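What follows is a short report on a single structure.
Start at 1 and go down the list; that is how both ligands and their atoms are numbered. Computed from a prediction, not measured in an experiment: that's the story for all the values here.
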Amino acid sequence: MNVTPRRQFAVDDIERPLLGLNDFTRQWQDIEHDVLSAVRRVGHRGWYILGAEVRAFETHLATMWGVPYAVGVASGLDALEICLRCLGVARGQAVLTTPLSAFATALAVLRVGAKPVFVDVDATGLLDLERCKAVLRRRPDIRVLLPVHLYGHALDLGDLAALRDEFDLTVVEDCAQSIGAGSNGRATGTVGRMAATSFYPTKNLGTLGDGGAVLTAERALAERASSLRHYGQTSTYVHDHVGLNSRLDELHAAILRDAMLPRLEKWTSRRQAIAGKYRQELENPRVAVPSVPPRSRSVWHLFPVILAPEKRSALLTYLRERRIEAGLHYPRLIPDQRALREGGEFEVIGELEQARRLAGGEVSLPIHPFLTDDDVQRVIAVCNEWDG
Ligand SMILES: *Cc1c(COP(=O)(O)O)cnc(C)c1O
């Protein structure tokens, strides 16, 4: 019988609590008091849908973001769909976007009946704007752009605005991972006519459930979004649009305003400090730290490292044995998802070489704001010791 011990990690590793990609237990310890008082306030008021809490949160979010209007909706996916519908993006229209994102990005395009057109990303994982320019030059049929500020990095917003102006593009920015991020002295979400964000629990500004918001500088678009989230109503029992039921709850709005928004800056700084440590101290050549867009003020929603594809699963196993959870963002490109074949028309431009490299080799290390300094040092030490 072969009794050679297969695994060689120390016993104390087995007994360690898992160092996860998120830590909602530690988060609860931080926010409990404020969440409970928010819930009590909503309960005392006895008003649960579209009231003073949603309005107050929208005002706070818009002020914090530096945009005139924010409209609370039920999810990031809905926020994207509502943006596209507000701007009249409809059946058959082509929308240039990234193959490397949460599936929701492309799903929103499919849901309005439009056609996602996938263009490759650059080495940082974000839509390659130079490539987009080349495509837009020869394809006058594509005039809608849906970029994603992936991993919490901001696309170069000067370049994005220049592209918008050169081709007269309708831009909707997916800011689900980029709340607080910016470049060229401006915030993500301010180049497009509209932007969408998500309050999914793992996002930098997450709630205890689902939620999202639409952002815009245009009053008419904010009004259209408010109508679309509420059955297309423009006033009680008057339906001027074919809308959705996609409201942010009063409870989530109260929790976001009382417990989450006031902590966002502190949480973001912590993510940035951890990213700084990782970038400084990860020195294993097998675990490459990718470059960041040069002008991005990143909020580090994720911390990606890049492996040789054939080594990736070995690193994941090694980390799991040492009680460190890692993630993959994203292992299968959107145009390779089976759902697209039944979802309507789509188009892929080129070989998507960079996106495939990242899909095959990316690993996300834990970077949530509740990691202690010891946790961070442990992740660094464990990664640096890996000789797989
Ligand atoms: C999370 C996410 C979404 C979808 O948000 P939900 O609130 O989960 O619907 C869309 N785009 C990106 C880039 C995301 O990370």
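Counting heavy atoms closer than 4.0 Å to ligand 1, residue Ser75 contributes atoms from both its backbone and its side chain. Contacts with ligand 1 closer than 4.0 Å are made by side-chain heavy atoms of Asp174 only, the backbone lying farther away.
The closest non-hydrogen atom to atom 2 (C) of ligand 1, taken over His301, His329, His149, Lys203, comes from Lys203.
Note on Glu58 versus Arg229: salt bridge recorded, some NZ/NE/NH1/NH2 to OD/OE distance being below 4.0 Å. Of the charged side-chain nitrogens involved, at least one lies within less than 4.0 Å of a carboxylate oxygen, so that Asp30 and Lys266 count as a salt-bridged pair. Glu81 and Arg85 are joined by a salt bridge, as a carboxylate oxygen and a charged side-chain nitrogen come within less than 4.0 angstrom of each other. A salt bridge links Arg41 with Glu53: at least one charged nitrogen is closer than 4.0 Å to a carboxylate oxygen.
Between Phe346 and Phe118, the ring planes are perpendicular. Angles over 60° get that label, and only those under 30° would be called parallel. The aromatic rings of Trp300 and His153 stand perpendicular to each other, their planes meeting at an angle above 60°, with 30° marking the opposite boundary.
Scanning all protein heavy atoms for the shortest distance to atom 15 (O) of ligand 1 gives Gln177 NE2, 2.8 Å. Looking only at protein heavy atoms, the nearest one to atom 6 (P) of ligand 1 is Gly76 N, 3.4 Å. For atom 4 (C) of ligand 1, the closest heavy atom belonging to the protein is Ala104 CB, 3.6 Å. Residue, atom and distance of the protein heavy atom nearest to atom 8 (O) of ligand 1 are Tyr200 CD1, 3.9 Å.
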* Applying ring-ring contact (aromatic ring centres under 6.0 Å, His included), run through His368 and Trp267 and close with a yes or a no. => CA-CA 8 Å; His368 63 77; Trp267 287 343; over 10 Å; no
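For ligand 1, the atoms closer than 4.0 angstrom to any heavy atom of Val148 are 13 (C). Close approach of ligand 1 to Ser198 (heavy-atom distance below 4.0 Å) involves ligand atoms 5 (O), 6 (P), 7 (O).
Distances shorter than 4.0 angstrom occur between a heavy atom of Ser101 and an atom of ligand 1.
Side-chain rings of Phe57 and Phe199 approach one another, their centers coming within less than 6.0 Å.
Residue Leu77 places at least one N or O, backbone or side chain, under 3.5 Å from an N or O of ligand 1.
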